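Comments concern the structure below.
Predicted, not measured: the structure shown is a model, and the values here were computed from it.
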Amino acid sequence: MHIYTNVITVMESQLRNLISDSKRTVNGKSNLNVIGVGSGSGEIDFRMSSALHRKYPEMTVDNEVIEPNPQQLRDYKDLVSQTPDLDYIKFNWNEMTAEDFEEQWKEKNGTKKADLIHMFQMLYYVKDPGATISFFQGLLSKNGQLLLILYSGNIG
């Protein structure tokens, strides 16, 4: 579990750069638009949202979850359903690959911008990692951040 702890530490440092302490807003608004690409069973996403809420209880989070594995997505939904007081998070569940999400986004002419996009251990599974990164960079708001985590070699 120490790997997740390290990821949360990195993510929290990025969130500090993203959120204005003086106004407690992101780009002048009181909500944070987050896209999790390859969210798995939600442990990292959930801990990040919880940490954010503890620090900024007045903020809401719009969490776009992209996960192609149906069992992982069910596990994530179970985690959410078993956790009380999550009214500050709005979940949008997408059981699909990053490529499918991109295609759907383009078909719908999506315009929503994200304040934070995170991708954990998922670039191994896409056909063109560079194109995937470019697409999601294009979804970032003006001061939005893209957080990529890839493990390599011995991490223990």
Side-chain angles (χ1 to χ4, degrees), residues 3-21 23 25-53 55-56 59-77 79-80 88-155:
I3 294 168
Y4 290 136
T5 302
N6 292 339
V7 169
I8 295 299
T9 300
V10 169
M11 187 174 290
E12 286 176 344
S13 73
Q14 292 302 311
L15 290 173
R16 278 192 294 277
N17 294 333
L18 186 64
I19 298 170
S20 165
D21 279 320
K23 296 184 180 173
T25 62
V26 177
N27 296 330
K29 55 188 181 165
S30 62
N31 72 307
L32 186 68
N33 292 326
V34 177
I35 300 176
V37 186
S39 292
S41 57
E43 293 94 352
I44 294 174
D45 294 31
F46 191 77
R47 287 186 60 188
M48 182 272 307
S49 294
S50 296
L52 181 66
H53 183 63
K55 186 165 177 97
Y56 303 103
M59 287 193 97
T60 59
V61 177
D62 292 332
N63 189 11
E64 192 84 33
V65 178
I66 304 166
E67 174 53 52
N69 183 306
Q71 182 59 52
Q72 293 283 330
L73 198 58
R74 272 192 303 275
D75 290 347
Y76 194 156
K77 289 178 180 181
L79 178 65
V80 168
Y88 64 93
I89 304 176
K90 178 185 152 214
F91 293 94
N92 186 22
W93 306 103
N94 299 279
E95 185 180 319
M96 62 182 67
T97 65
E99 288 102 339
D100 291 340
F101 181 83
E102 178 178 355
E103 184 177 315
Q104 180 182 357
W105 187 269
K106 289 176 179 177
E107 286 173 3
K108 290 182 176 181
N109 293 318
T111 58
K112 183 177 179 179
K113 294 294 185 178
D115 301 299
L116 175 66
I117 300 174
H118 55 81
M119 304 172 154
F120 301 115
Q121 293 291 91
M122 57 72 59
L123 286 177
Y124 307 115
Y125 304 104
V126 298
K127 293 175 188 163
D128 186 345
T132 298
I133 292 168
S134 292
F135 167 73
F136 283 100
Q137 280 179 314
L139 299 184
L140 290 171
S141 61
K142 180 181 176 190
N143 295 315
Q145 304 224 357
L146 176 63
L147 179 60
L148 299 170
I149 304 282
L150 299 172
Y151 301 133
S152 63
N154 292 331
I155 55 175

(message) Contact between N31 and V61 at the side-chain level, heavy atoms closer than 4.5 Å - yes or no?
(response) no
(request) For H118 and S39, work out which heavy atoms get closest and say how close. (result) CE1-OG, 4.4 Å
(message) As an exercise, state the distance from CD of E67 to CD of E95, rounded to the nearest 0.5 Å.
(response) 8.5 Å
(message) Return the CZ to CD1 distance between F46 and I89, rounded to the nearest 0.5 Å.
(response) 6.5 Å
(message) Side chains of N94 and E64: any donor to acceptor distance under 3.5 Å?
(response) yes
(request) Calculate, to the nearest 0.5 Å, the distance between atoms OG1 and CG belonging to T60 and L32 respectively. (result) 8.5 Å
(message) Using side-chain contact (heavy atoms from CB on, under 4.5 Å), reason through I117 and V37 one step at a time and then give a plain yes or no.
(response) CA-CA 7 Å; I117 300 174; V37 186; 4.1 Å; yes
(message) For a quick test of reading the model, state the closest non-hydrogen atom pair linking T132 to A98 and the distance between them.
(response) CG2-CB, 4.2 Å
(message) Run D75 and Q71 through side-chain hydrogen bond (donor to acceptor under 3.5 Å, both in side chains) and show every step you take.
(response) CA-CA 6 Å; D75 290 347; Q71 182 59 52; 2.8 Å; yes
(request) Please work out whether the ring planes of F135 and F101 are parallel, tilted or perpendicular, with thresholds of 30° and 60°. (result) perpendicular
(request) Report yes or no: does K113 contribute a side-chain atom to a donor-acceptor pair with the main-chain N or O of G138 at less than 3.5 Å? (result) yes
(message) Between I66 and F136, is the side-chain contact (heavy atoms from CB on, under 4.5 Å) condition met? List the steps.
(response) CA-CA 12 Å; I66 304 166; F136 283 100; 4.1 Å; yes
(request) Enter the distance from T97:OG1 to N69:CG here, rounded to the nearest 0.5 Å. (result) 12.5 Å
(request) Mind checking the CG-OH spacing from D62 to Y88? Nearest 0.5 Å is all I need. (result) 13.0 Å
